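Shown next, in structure tokens, is the structure this report addresses.
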Amino acid sequence: MSRADSADSTPYDLAGALTLCSTGLSLSRYIVLMQLSEADGDRMRMTELAAATGLSASRVSRVVETLRGEGLVVKRPHATDARGSVAVLTEAGRKRLLGACPAHLSSARRRVLDQLDPALMREPAGELEAVAEGGGATSVYGDAVT
């Protein structure tokens, strides 16, 4: 994987890039697939995808074309705006993303959570557990998290 494959505006991280490289996805490709998987109908306008990923419009176009060539994404004309295109995640793209998630999460844990003092993590861990269990947590503004 080349440095250019990793991302334009995403900080280059060799450890993270190598971890994702083992999955066959560059960081840019992973981020695009992840954004599409979280979008309504697994689809986004190219301009919205660029904004959501923090990549330039031209970089997103190149990444989507690469993913399209691998059968992970299809690109369609926008239904009501002939000037725009929509990227749509395919089932193969979803499977590839799900296969890469464990490596990405493991890398993120090593690079972020494992660097924190465990004593400082007790309170946030309790809050996260409450959110995961569906109640009892409050936002930083004092509102109940539902």
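What you see is a predicted model; the values in this text were computed from it and never measured.
- A donor-acceptor pair is defined here as one N or O able to donate and one able to accept, closer than 3.5 Å; no such pair exists between the side chain of Thr53 and the backbone of Val32.
- When side chains are defined from C-beta on, Ser85 does not count as touching Arg45, because their heavy atoms never get closer than 4.5 Å.
- Residues passing the salt bridge (charged side-chain N to carboxylate O under 4.0 Å, His left out) test with Arg43: none are found, sequence neighbours excluded.
- Put simply, CG on Leu72 and OG1 on Thr66 are 10.0 Å apart, with the number rounded to the nearest 0.5 Å.
- The distance from atom CE of Met121 to atom CG of Asp114, rounded to the nearest 0.5 Å, is 9.5 Å.
- Side-chain contact between Leu36 and Asp42: absent, with no pair of heavy atoms (C-beta onward) separated by less than 4.5 Å.
- Listed by chain and number, the residues in a salt bridge (charged side-chain N to carboxylate O under 4.0 Å, His left out) with Asp40 amount to none (sequence neighbours excluded).
- Summarising the hydrophobic clusters (Ile, Leu, Val, Met, Phe, Trp, Tyr; side-chain heavy atoms under 4.5 Å, direct or chained), the residues clustered with Val88 are Val74, Val86.
- Considering OG of Ser37 and CG of Leu89, their distance stands at 6.5 Å, rounded to 0.5 Å.
- One side chain, Ser106 or Arg110, offers a donor N or O that lies under 3.5 Å from an acceptor on the other.
- Residues Arg29 and Arg96 are not in side-chain contact: their nearest non-hydrogen atoms beyond the backbone lie 4.5 Å or more apart.
- Thr90 contributes atom OG1, which lies 9.5 Å from atom NZ of Lys95 (distance to the nearest 0.5 angstrom).
- Side-chain atoms of Leu67 and Leu33, non-hydrogen and from C-beta on, do get closer than 4.5 Å to each other.
- Under the rule for a salt bridge (charged side-chain N to carboxylate O under 4.0 Å, His left out), the partners of Glu65 that lie at least two apart in sequence or sit in another chain are Arg68, Lys75.
- Within 6.0 Å of CD in Glu123 there are 12 or fewer heavy atoms belonging to other residues, nucleotides or ligands.
- Within the structure, the salt bridge (Lys or Arg N to Asp or Glu O under 4.0 Å) test picks out no pair touching residues 46-56 (sequence neighbours left out).
- Heavy-atom minimum distance, Ser28 versus Arg59: OG-NH2, 3.7 Å.
- With sequence neighbours excluded, the residues forming a salt bridge (charged side-chain N to carboxylate O under 4.0 Å, His left out) with Arg83 are Asp81, listed by chain and number.
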